2 protein chains.
Amino acid sequence: MMKKINEIKIKSWISLIRTQQFLLEQVESDLKRAGLPTLAWYDVLLELTRVPDGRLRLNEIGTRILLEKSNLTRLIDRLEKDGLLEREVCDSDRRGAYAVITTKGRSLQKRMWPIYAIAIENHFASKLTLEEAEMFIGLLQKIDKTVPKERLMNL
Amino acid sequence: MMKKINEIKIKSWISLIRTQQFLLEQVESDLKRAGLPTLAWYDVLLELTRVPDGRLRLNEIGTRILLEKSNLTRLIDRLEKDGLLEREVCDSDRRGAYAVITTKGRSLQKRMWPIYAIAIENHFASKLTLEEAEMFIGLLQKIDKTVPKERLMNL
DNA sequence: ATTAAATAGTTGCAATTGCAACAATAACAC
DNA sequence: GTGTTATTGTTGCAATTGCAACTATTTAAT
C-alpha cells in the first residue's frame, strides 16, 4: 500500500520548491527596484488585457491566477483604489461583479512588461536552451494538468 | 542589446510559477487537513534534525531555507513557544543564537514526514517517471546553481 | 588601540494572507 | 412555487510577511 517514495523524486521536489522560491524573490526584487508593483498586480492586469473588453468577473480572475476569493477581493480593492481598474455590477448575475481595466491600468501593464521580461530573461530564460525550455514545459504539464497547452502571451 | 525574449521560454516560466503555486497549495492543504503545521515549520525542524547536535545558528537556518532574517526570528519564536526547539546563546559569537531542537521537535518532524511524503507522492512524484524526475533536477540545477547536487534526505 | 564598517538578531509597523462567518442571489429538487 | 443548497463576493480577525530602524558584537583598516 504505502510504497516507499523514491529519493530522486524527493530531491526533485525539493529542488523545485527551492528554485521557484529563489526565482520569485529575484524577479519581485527587480520589479520593486524599478519602482513597480508586485507580480500579483501584474497578473490581474495581464488577465484583463488579454480579454476582449478588458472586463472579467472577479470569479474568473480568481481561478486564472490561483487566488483565494477573499484575497482577490482585496487585491481588486487595491487596484481599484489606484485607479487601475473599476468594479462594475453584473446584470446577468446580480451576486457578481466585473473588474474593468482602465487606461491607466493598461498603461501600467505595458510599463511593467519590459521590466518583467528582462527579469525572466536574466534569472530564468537565459539559463535554458530552447529545447530545454520545451522539455521543461512538458514536465510541468505532466505534473499539473491545468498548465495551458496552447495559450500564448500577448506581448 | 535588448533581444526579444523567446515565447517558449516565457511559457515555461509561466508554467513553472503556476505549477509550483498549485502544488504548494495542495501539499499545505494536506498537512493542514492532518492537523499539522505548515511546511515552514517542517523545514526548520528538518534542517535541525539533519545536523549532528540538532543545533544550528539562526543565520544558518535562514540561508538554508531561504527566509528573511526578521521572518526567521519570528518563525523561531513560534517554534520555541511551542516547545519544538530552544534558543541557546552562542559563546563564540555573542551576537548570535543557536536553535536546538527538542525531543518534542524531533517527534513532530517524524510525525509530519509521512504525511508530507504522501502528499509529495500524490501531487508530484506519481506524475513523473524516474527518468523524468532526473531530467527535472537537471533543469532546475541549470536555473538555480544553489540547488544541491549531492545532498540527500535523511528519512 | 581607535575608528569605521559589516554581521547577527530583534523589534515596530504596514501590507498581505488565510480562515471562518455572512449577505445576497442563483440553481436545484419536489 | 417553496424550501434547500450552492455560488459570488465581502468582511472581521488572527497569523504571516516585508521593510527599515535599532542594538550588540565582530571584523577590518589605519
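Reminder, nothing fancy here: chain letters follow the sequence lines and each chain counts from 1. If you're wondering where the values come from, they're calculated on a predicted model, not measured in any experiment. Side-chain atoms are counted along with the backbone in the values below, which use heavy atoms only and exclude waters and symmetry mates.
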B:A97 side chain, from C-beta outward: closest of D:dT10, C:dG9, C:dT25: C:dG9
B:K69 side-chain proximity, nearest of D:dG9, C:dA8, D:dC19: C:dA8
Just wondering, more than 12 heavy atoms not from B:E86 lying within 6.0 Å of its CD? no
Length of the CD-C1' vector between A:E68 and D:dT11, whole Å: 14 Å
Interatomic distance, A:I61 CD1 vs D:dG9 C1' [rounded to whole Å]: 12 Å
B:N59 vs A:D91, nearer the 5' end of DNA chain C by closest nucleotide: B:N59
May I have the distance from B:D93 (atom CG) to C:dT7 (atom P), rounded to whole angstrom? 12 Å
With the side chain defined as heavy atoms from C-beta on, A:R95 is closest, among C:dC13, D:dT25, D:dA6, to D:dA6
Whole-Å distance between C:dA27 P and A:R94 CZ? 13 Å
Assign each of B:N71 and A:R78 to its nearest nucleotide of DNA chain C by heavy atoms, then name whichever residue's nucleotide is nearer the 5' end. B:N71
Closest approach to the side chain of B:K32, judged atom by atom: which nucleotide of C:dG18, D:dA20, C:dG9 is it? C:dG18
Closest non-hydrogen contact found for A:V44 with A:L79 is CG1-CD1, 3.5 Å
Nearest whole angstrom, please: distance from the P of D:dG9 to the OH of A:Y98. 10 Å
Do B:S15 and A:Q141 come close enough that some side-chain heavy atom pair is under 4.5 Å? no
Once you round it to whole Å, what is the distance between P of D:dG18 and CG of B:L66? 11 Å
Under 3.5 Å, is there a donor on one side chain and an acceptor on the other for B:D30 and B:H123? yes
Let's see if you can work this out: which of D:dG9, C:dA24, C:dG9 has an atom nearest to the side-chain heavy atoms of B:L58? C:dG9
Nearest whole angstrom, please: distance from the P of D:dT17 to the CG of B:L39. 12 Å
Should B:R74 be listed as having a side-chain N or O under 4.0 Å from OP1 or OP2 of C:dG9? no
Is the B:F136 ring parallel, tilted or perpendicular to the B:F124 ring (thresholds 30°, 60°)? tilted
Between C1' of D:dT25 and CZ of B:R57, the distance in whole Å: 11 Å
